[in-house]
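Notes follow once the structure below has been shown.
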Amino acid sequence: MNRRAARERIAALGHPLHPNRFPATHLVSDVVGRWGGSDSAALEAEPEEARRVALPGRILAIRKMGKAVFLDLSDGLKRVQAYVRKDGVGDGGWALLENLDLGDHVGVTGTVFRTRTGELSVKAGSLVFLAKCLRPLPDKWHGLTDIEIKYRQRYVDLIVSEETRRTFEVRARVVSYVRRFFDARGFLEVETPMMQLIAGGAAARPFITHHNALDVDLYLRIAPELYLKRLVTGGFPKVYEINRNFRNEGISTQHNPEFTMLEFYTAYADARDQMALTEELLAGAAREILGTTQLPWGEETISFEAPFRRLSMKDAVVEYGRDVPGGPIRPDELGSLPGLKVAAGRAGVKYLARFGADPGKLLAELFETLAEPHLLQPTFVVDYPAEISPLAKARPDDPKTADRFELFVGRMELANGFSELNDPDEQAEKFRAQVAQRAKGDDEAMLYDEDYVEALSYGMPPTAGEGVGIDRLAMLFTNSRSIRDVILFPLMRPKGTGR
RNA sequence: GGGCCGUUAGCUCAGUUGGUUAGAGCAUCUGCCUUUUAAGCAGGGGGUCCCGGGUUCGAGUCCCGGACGGCUCACCA
């Protein structure tokens with residue numbers, strides 16, 4: 001109520017409570033950028049006229065010193081202090097000052113100088129009111145520690161946390177870099193349907209919605225993959241899309257129901273070419289955005305220096321399965337179903353029964369249990385089982401192994417790519433196998449997409465495709481441990497709803 | 001959905017084996033202070049101890065149930 005009372009007093013002093021504009025000559029960042037490097041002597045050497053600014057900002061600190069006051073002004077990005085003296089702004093300005101609170105917006109007109117302690121400051125000649133903050137800001141010293149408010153009321157987080165601000169600026173630069181990277185290499189950015197009759201291109205549960213006029217159920221896409229490959233078939237040899245995917249799965253530090261995916265397709269290329277392109281993309285992004293390929297990750301460091309390590313899924317299981325109780329995992333065990341079952345038993349793979357009949361799923365499960373938690377440095381895991389890769393082409397030398405890779409960084413799956421299956425008959429066969437699995441209760445198995453098979457029958461050139469999780473990439477580039485830290489408005493349980 | 005942890009002033013947190021009137025710093029209010037910067041000094045106000053039951057002479061503290069949040073496991077990128 002104090003703040004509302006202060007607002008009333010400001011109005012009584014004759015100040016408009018919601019002025020339409022302030023004739024700013026600079027923002028705080030401009031002042032810091034222009035004079036941040038000038039010491040006191042350099043500033044004094046400039047004529048006063050050249051140091052005059054009309055500077056708006058939000059008040060983030062008030063230090064009263066009797067008949068002088070220091071205000072920390074922020075433009076969200078930088079801070080600079082205003083030095084307001086009673087004899088500088090007069091009785092009117094002083095009366096206004098006495099009714100200002102933390103969070104209010106004001107405009108200061110004055111001269112840039114440095115105080116005797118060397119702090120860059122603006123000596124106020126006048127002070128105008130711009131907007132009132134009626135709610136108290138979080139604790140000035142501890143900041144916003146309530147992680148729920150941080151996510152639910154991101155605007156409050158952004159007001160007080162320069163780190164949060166920086167995180168989202170880095171994220172924006174990542175996306176911008178990705179676009180420039182692909183544009184420069186002749187890729188066409190496209191947008192494909194978010195609402196699909198068949199949610200294809202990945203194994204996940206979709207969200208469902210309904211179109212009234214057509215009276216059809218539609219799915220929010222779980223991936224753009226099948227549409228992008230239709231475009232390659234249609235004659236765009238290089239396409240990419242950066243957009244949201246929606247998966248009706250759990251929420252965790254690495255999962256948000258809607259997340260941003262980069263997918264790109266290169267005709268006439270294979271999985272190896274995509275890996276090389278990916279290394280170039282990530283190392284280049286790190287260098288340009290962060291100025292280094294050595295990224296801090298908690299107490300550790302991740303090196304985005306190319307080339308990244310290549311490791312087959314089986315080799316990974318053997319390498320990280322050495323200390324399994326009951327004896328190390330042996331390469332010969334991974335070649336047969338009985339051997340895999342024995343190995344999985346020793347490794348303590350969960351839900352053994354569910355994957356027991358499928359050697360591909362069993363190997364993937366072994367990999368996830370034993371190897372994935374160790375893959376801190378960027379590692380391309382290659383040679384995925386064909387059974388778990390229904391949209392991928394097999395290796396030319398081995399029909400049981402998909403020409404597929406996944407990139408792991410920071411113990412997370414960051415990217416997934418492969419040489420695309422372009423044989424319509426084989427694709428039809430794989431869809432049928434997926435449908436059969438679905439009938440057996442696997443509700444993440446894919447649906448048969450008849451139109452996609454027809455598209456392939458028109459002839460898709462040899463093509464490699466890949467998806468990269470942009471949110472996770474943003475996590476890596478900002479040293480964020482939770483995906484919620486890199487999504488401005490992550491999905492939260494609505495307030496007041498029970499479980 | 002399971003497990004673990006948390007919820008005390010506007011904010012960040014203390015609060016002993018269950019025992020007077022629940023505390024501190026910041027914020028807020030009053031006074032002093034014209035180069036401070038977590039400004040300083042003096043004083044004041046401010047509490048549904050998350051909610052509902054229970055045990056007890058007595059509950060912020062113990063027990064049961066619930067709400068909300070975090071972490072984690074499973075599904076998944």
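In what follows, every chain begins at residue 1, and chains take the letters A, B, ... in the order their sequences are listed. No experiment lies behind these values; they were computed from the predicted model shown.
With C1' as the reference atom, B:rG46 and B:rU55 are 33 Å apart, rounded to whole Å.
Along RNA chain B, the nucleotide closest to A:A415 and the one closest to A:F70 are compared, and the more 5′ of them pairs with A:F70. Nearer the 5' end of RNA chain B, as judged by each residue's closest nucleotide, is the contact made by A:R116, out of A:Y151 and A:R116.
Whole-Å rounding puts the A:K64 NZ to B:rG40 C1' distance at 15 Å. Atom C1' of nucleotide B:rA77 and atom CG of A:L476 are separated by 13 Å, given to the nearest angstrom. Look at CD1 on A:I62: it is 16 Å from P on B:rU37, rounded to the nearest Å. Taking atom CZ on A:R85 and atom C1' on B:rU36, their separation rounds to 13 Å, with Å as the unit. Going from atom CG of A:N245 over to atom P of B:rA77 covers 11 Å, rounded to whole Å.
No donor-acceptor contact under 3.5 Å links the side chain of A:T117 to the base of B:rU35. The base of B:rU36 is paired with the side chain of A:Q81 by a donor and an acceptor separated by under 3.5 Å.
Remark: A:R484 is in phosphate contact with B:rG70, judged by side-chain N or O atoms under 4.0 Å from OP1 or OP2.
For A:R114, the CZ atom is densely surrounded, since the number of other residues' heavy atoms within 6.0 Å is greater than 12. Other residues, nucleotides and ligands contribute only 12 or fewer heavy atoms inside 6.0 Å of the CZ atom of A:R135.
Distance from the side chain of A:E119 is smallest to B:rU37 among B:rU34, B:rA77, B:rU37.
Backbone-only contact: A:E413 has heavy atoms under 4.0 Å from sugar-phosphate atoms and none from a base. Contacts of A:D87 with the nucleic acid, taken as non-hydrogen atoms under 4.0 Å apart, include base atoms. Among the heavy atoms of the strands, none lies under 4.0 Å from A:R114. Contact annotation for A:K150: no contact, since no heavy-atom pair falls under 4.0 Å across all strands. Note on A:A203: only backbone sugar-phosphate atoms sit closer than 4.0 angstrom, heavy atoms only; bases stay farther off. Within the nucleic acid shown, A:T253 comes within 4.0 Å of sugar-phosphate atoms alone, with no base atom in reach, counting heavy atoms only. Here A:N248 lies out of heavy-atom contact (under 4.0 Å) with every strand. No contact: A:F408 has no heavy atom under 4.0 Å from any strand.
Remark: A:K123 is not positioned above the aromatic ring of A:Y83, lacking an NZ or CZ atom under 6.0 angstrom from the ring centre and at most 45 degrees off the axis.
Checking B:rU17 for Watson-Crick or G-U wobble geometry (two distances, each under 3.5 Å) identifies no partner in any strand.
Side-chain contact annotation: A:Q81 with A:S121, donor-acceptor N/O pair under 3.5 Å present. For the residue pair A:S389/A:K430, the side-chain donor-acceptor check at 3.5 Å is not satisfied.
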